[in-house]
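Worksheet: the structure to be examined is printed underneath.
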Amino acid sequence: MATRVLHRRFSGLNEAKNWTRTKGQVATFIRGLPASNRNREDSWFKSLFVRKVDPRKDAHSHLLAKKEESNLYKIQFHNVKPECLDAYNKLCEDVLPSIHADKYYPCELVGTWNTWYGEQDQAVHLWRYRGGYPALTEVMNKLKNNKEFMEYRKERGKMLLSRRNQLLLEFSFWNEPLPRQGPNVYELRSYQLRPGTMIEWGNYWARAIRYRQHNREAVGGFFSQIGKLYMVHHLWAYKDLKSRESTRNAAWQHEGWNEVVYYTVPLIQHMDSRIMIPMKTSPLQ
């Protein structure tokens, strides 16, 4: 017993010594770099061990969201039973556009899609509430008295395996998503950030977005307020998957894009990509 305890202690000491030696070797390597590269490499090295969160005097929603408009967005993810997908799409196409077009409801259907690549048999809906949380509450209360919508929810429930949603704000430096003609394929890139890094992400992307406007591919950028927190969603539009590839490759030809990627990757805990096809009645085609 005593032998095993001593063995574990000496093993722990050896691991600590090896870690210290490795850390010292990397630090020595960094010091040997030219001055032009040293600061950059040192910053990257420190990011592996310490993620400093600067104190803030205001919520990041106040610092990053658009001030001139109080828009709130809701994104819905519906996982549909495979055998029910066509019936589900038909149900959505019959009901959701009528809510979008009725001025009685202070909301707009921004887009509605089926996932093509990514999670299969999934529908994604994006709504905008002009007026923020009061508009959201008003719509919810009014829909409770809408017999067609309540019947839609009842039928929809029979077709779903699961569903989830998030409430979002839009980044001040992104475009507001507006209806566009198709045909297009859409990519929803979702990033789970490390807590405390949203401001840093926004600072980099405020400069980076100009590199991704040349083919009108940028549709909208959002960050979560309710649901899974520290989530960012970037919505892009491309003519096809080949256009997506060439557009993304072209970004690397712009000076500064590599810096954005270099410094934002350490902020990400998890990322996901969906390629989506618009439903027939989606304002984003």
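All values derive from a computational prediction rather than experimental measurement.
- Applying the ring pair (Phe, Tyr, Trp, His ring centres under 6.0 Å) test to every pair with at least one member in residues 112-143, sequence neighbours left out, gives these pairs: H78-H125, W113-Y186.
- Remark: the backbone N or O of M279 is paired with a side-chain donor or acceptor of Q285 at under 3.5 angstrom.
- With Y73 as the aromatic partner, R128 does not meet the cation-pi criteria of under 6.0 angstrom to the ring centre and within 45 degrees of the ring axis.
- Within a 6.0 Å radius of CE in M150, other residues, nucleotides and ligands contribute more than 12 heavy atoms.
- When all heavy atoms of N175 and E170 are compared, the closest pair comes out as O-OE1, 4.3 Å.
- Contact record, G131 with P134: O-CD, 3.3 Å, taken as the closest heavy-atom pair.
- Counting heavy atoms from C-beta outward, S190 and R274 have side chains that approach closer than 4.5 Å.
- Side-chain atoms of Q122 and N79 include a donor-acceptor pair closer than 3.5 Å.
- By the neighbour-count criterion of 12 heavy atoms within 6.0 Å, atom CD of Q181 is sparsely surrounded, having that number or fewer from other residues, nucleotides or ligands.
- Under the ring-ring contact (aromatic ring centres under 6.0 Å, His included) rule, W257 has a single partner from Y263, W205, Y262, which is W205.
- Around atom CZ of R216, no more than 12 heavy atoms belonging to other residues, nucleotides or ligands sit under 6.0 Å away.
- Here the side chain of D240 pairs a donor or acceptor atom with the backbone of K242 at under 3.5 angstrom.
- Between the D102 side chain and the Y104 main chain, a donor and an acceptor come within less than 3.5 Å of each other.
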Test log, rule salt bridge (Lys or Arg N to Asp or Glu O under 4.0 Å), inputs K90 and D94 = CA-CA 6 Å; K90 179 66 165 58; D94 289 343; 2.9 Å; yes
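- A donor-acceptor contact under 3.5 angstrom links the side chains of E187 and S273, judged on distance only.
- Using a 4.5 Å cut-off on side-chain heavy atoms (C-beta onward), I277 and T115 make no contact.
- Aromatic ring centres of F222 and H234: separated by at least 6.0 Å.
- A salt bridge is absent between E217 and R189: the closest approach of a Lys/Arg side-chain nitrogen to an acidic carboxylate oxygen does not fall below 4.0 angstrom.
- Proximity of a side-chain donor or acceptor of Y191 to a complementary backbone N or O of Y230 within less than 3.5 Å is not detected.
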I226 vs Q166, test: side chain to side chain contact (heavy atoms under 4.5 Å, CB included). Steps then yes/no.
CA-CA 6 Å; I226 295 178; Q166 290 177 320; over 6 Å; no
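- Listed for the S224 side chain is a donor-acceptor partner under 3.5 Å among the backbone atoms of M231.
- Side-chain atoms of T247 come within 3.5 Å of backbone atoms of S243 as a donor-acceptor pair (strictly under, hydrogens ignored).
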| task | Assess whether side chain to side chain contact (heavy atoms under 4.5 Å, CB included) is satisfied between F173 and R210, documenting all intermediate values. | result | CA-CA 9 Å; F173 46 84; R210 68 178 183 270; over 6 Å; no
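- Within a 6.0 Å radius of CD in E255, no more than 12 heavy atoms belonging to other residues, nucleotides or ligands are found.
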message = Go through it in stages, so that I can follow the logic: the residues are K142 and E138, the test is salt bridge (Lys or Arg N to Asp or Glu O under 4.0 Å), and I'd like the CA-CA distance, side-chain angles, deciding distance and then a yes or no.
response = CA-CA 6 Å; K142 287 180 176 179; E138 180 181 348; 2.6 Å; yes
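- For N146 and Y105, the side-chain atoms include at least one donor-acceptor pair closer than 3.5 Å.
- The main-chain N or O of P278 is never found under 3.5 Å from a side-chain atom of S282 such that the two would form a donor-acceptor pair.
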